[in-house]
Amino acid sequence: MRAPAWIVPALVVAAAAAGVGGARLLAAPSVVRDFAAHAPGTATRRAVFVVDGVRCVDTAERAAGQLAGVPGAIRFTAWAARAKVEVTYDPAVTTAEALREAIEGPVHDDSTGEFRFGVFAVREVNGVEVESIRR
Amino acid sequence: MKRLRLAMQLAVMVAAAMAGVRFALGRSVTTVETYCPFGGLETAYAFFTRQRFTCAAGETNLALFIALLGLTLVARKAFCGWVCPVGALAEWEGKLARRLFRRPDLTGAWRVPARADRMLRVVLRAAVLALVLGATWTTGELVFRGYDPYYVLFSAHGHDVRAWSYALLGGLMVLGLLLPMAWCRYLCPLGAAIWPLSAGGLLRLARDERTCTACGACDRACPQLIEVSRAGIVRSGECTLCLECTGACPTDSALELRWAGGKP
Ligand code: SF4
Ligand code: SF4
């Protein structure tokens, strides 16, 4: 059966739309790190950050390292391709702002033993640009 | 159709360049890799075995790769002919080579005998694909970045792009003049991955022997060097459905796009 020529670009556009639109169905994290088991029955909260500097599994692992040992941080999950980080925390112990500061803090470089500044910069906290929070 | 295809190729190219520059300037956290379907194949192993993504790959890469497989099952390598910016550049280079070397067709300066060409397309591309996937799946890193023309061209000097990456890209561009579409024909791992599906694509070009005058205009227009004028139905897995051949055909209805299985 004859096919019209426009079917080719139409299929290309449909495939691109299906790919971009269907991405959410395949959402899986790049990195998950548990810091502490939270006591059953206690309330937890989640803070979602967009972090400049988180762009792959390695950098996400490093960002997770920034929260290791931070009181109240329970679980770190990163989606590197979107620079997105979600931290589950105990609101009785810490806050989203304190977690942001921990992420943005100096990063210890294991190979040189030195600390590096400005490795991570949080752009958004819970969907709000950081500048607007500061203001 | 020719104009529409050019417009789509240019739009993709501009979008890719803008994504690269915006990321490099710190205006966006989305890199140009996010929209590469090959990243989806690279991360598929980690996703299906551990529900994790590899390195900087994510769900958009994987979803685009799956959508590409669907597209290829119907419309062959239409991705290569209508979307891929590297394919577009390679095609334009081929047209430039035709002028430079005064060729009637798109074969460029070096002609590879048809048999060797077919064998090299399969063997070389499969080897590159196996190498890239093997290295990515064992290291958990997107090791191909520095070699990938798409990433080197559009990432605005992205992560892992080194001086040798540009040297390699330059070499490939020179090669693309002498041997048009050399990257796509012999090296592209994504082309290798979709080729088996493309060969069975539901849409295909059909030539009507009753109206065809055997002028060979379609052969000369085909960027993939397919001998359209000798085929009843173009079953080649290399066909990108670019429709250059139908555009070049001087006879009405000698070359038509058809669904597989339909009446001739
Ligand atoms: S063969 Fe590879 S580089 Fe060439 S157009 Fe297809 S995907 Fe793009
Ligand atoms: S056979 Fe026709 S549609 Fe297929 S690649 Fe060649 S010119 Fe394009």
Side-chain angles (χ1 to χ4, degrees), chain A residues 1-33 48-64 76-85 118-124 129-131, chain B residues 1 4-5 8 12 23 26 29-31 33-35 37 39-40 43 46-47 50-68 70-72 74-76 78-79 81-83 140-142 159 202-204 206 241-243 246 253 256-263:
Chain A
M1 193 177 46
R2 199 178 163 175
W6 56 258
I7 195 86
V8 182
L11 284 166
V12 167
V13 171
V20 174
R24 70 190 65 181
L25 301 174
L26 299 168
S30 314
V31 171
V32 178
R33 177 103 66 98
V48 178
F49 303 98
V50 174
V51 186
D52 239 348
V54 169
R55 52 171 193 268
C56 62
V57 169
D58 280 354
T59 49
E61 293 273 14
R62 216 172 295 163
F76 172 99
T77 312
W79 294 264
R82 284 183 274 147
K84 181 180 157 185
V85 165
V119 175
F120 299 112
V122 173
R123 286 187 171 214
E124 272 180 41
E129 280 189 28
V130 168
E131 278 76 10
Chain B
M1 224 18 85
L4 178 62
R5 191 166 80 91
M8 282 172 70
V12 173
F23 181 79
V29 290
T30 308
T31 72
E33 308 176 90
T34 307
Y35 305 105
T43 197
F47 181 82
R50 298 185 288 115
Q51 283 73 55
R52 291 283 182 276
F53 284 116
T54 302
C55 194
E59 58 270 22
T60 305
N61 298 101
L62 189 57
L64 283 171
F65 180 68
I66 294 170
L68 170 61
L71 174 70
T72 308
V74 182
R76 302 174 170 267
F79 170 81
W82 291 76
V83 182
E141 300 286 330
L142 296 176
H159 187 67
L202 295 179
L203 281 170
R204 56 205 32 194
L241 292 186
C242 64
L243 305 179
T246 52
S253 76
E256 277 180 359
L257 189 61
R258 288 185 173 271
W259 292 103
K263 279 188 193 160

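The figures that follow rest on heavy atoms only: side chains count, while hydrogens, waters and symmetry mates do not.
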Relative to chain B, which segment of A:A60 carries a heavy atom at a distance below 4.5 Å: side chain, backbone, both, or neither? neither
Residues B:H159, A:R55; criterion side-chain contact (heavy atoms from CB on, under 4.5 Å); working and verdict: CA-CA 10 Å; B:H159 187 67; A:R55 52 171 193 268; 3.8 Å; yes
Among A:V54, A:I7, A:T59, which residue forms the greatest number of heavy-atom pairs with chain B at distances under 4.5 Å? A:I7
Between A:G22, A:A18, A:P29, A:A80, which has the largest tally of heavy atom pairs under 4.5 Å with chain B? A:P29
Hey, does B:L71 have a side-chain heavy atom less than 4.5 Å from the side chain of B:F79? yes
I'd like to know if A:E61 pairs up with A:R33 as an ion pair, taking the criterion as any Lys NZ or Arg NE/NH1/NH2 lying under 4.0 Å from an Asp or Glu carboxylate oxygen. yes
Pick from A:S30, A:A83, A:A121, A:G21 with the largest number of heavy-atom pairs that fall under 4.5 Å of chain B: A:S30
Restricting to side-chain hydrogen bond (donor to acceptor under 3.5 Å, both in side chains), what partner residues turn up for A:R62, sequence neighbours left out? none
Heavy-atom pairs under 4.5 Å with chain A, option from B:L243, B:L64, B:L257 with the top count: B:L257
Is B:I66 in contact with chain A via its backbone, its side chain, both, or neither, using a 4.5 Å heavy-atom distance? side chain
Atom group of B:L203 that falls short of 4.5 Å from chain A, counting heavy atoms: side chain
Side chains of residues 52-61 of chain B: which donor-acceptor pairs under 3.5 Å do they make with residues two or more places apart or in other chains?
unit_1: B:T54; atom_1: OG1; unit_2: B:T43; atom_2: OG1; d: 3.4
unit_1: B:E59; atom_1: OE2; unit_2: A:R82; atom_2: NE; d: 2.6
unit_1: B:E59; atom_1: OE2; unit_2: A:R82; atom_2: NH2; d: 2.4
unit_1: B:N61; atom_1: OD1; unit_2: B:G58; atom_2: N; d: 2.9
unit_1: B:N61; atom_1: ND2; unit_2: B:E33; atom_2: O; d: 2.6
unit_1: B:N61; atom_1: ND2; unit_2: B:T34; atom_2: O; d: 3.2
unit_1: B:N61; atom_1: ND2; unit_2: B:C36; atom_2: O; d: 2.9

Determine the option with the most heavy-atom pairs under 4.5 angstrom with chain B, choosing from A:P4, A:A17, A:P9. A:P9
Compare all side-chain heavy atoms of B:W82 with those of A:V13 and state whether any distance is below 4.5 angstrom. no
Taking every non-hydrogen atom, the tightest pair across B:A63 and A:G19: CB-O, 3.1 Å
Toward chain A, the part of B:V83 with a non-hydrogen atom under 4.5 Å: side chain
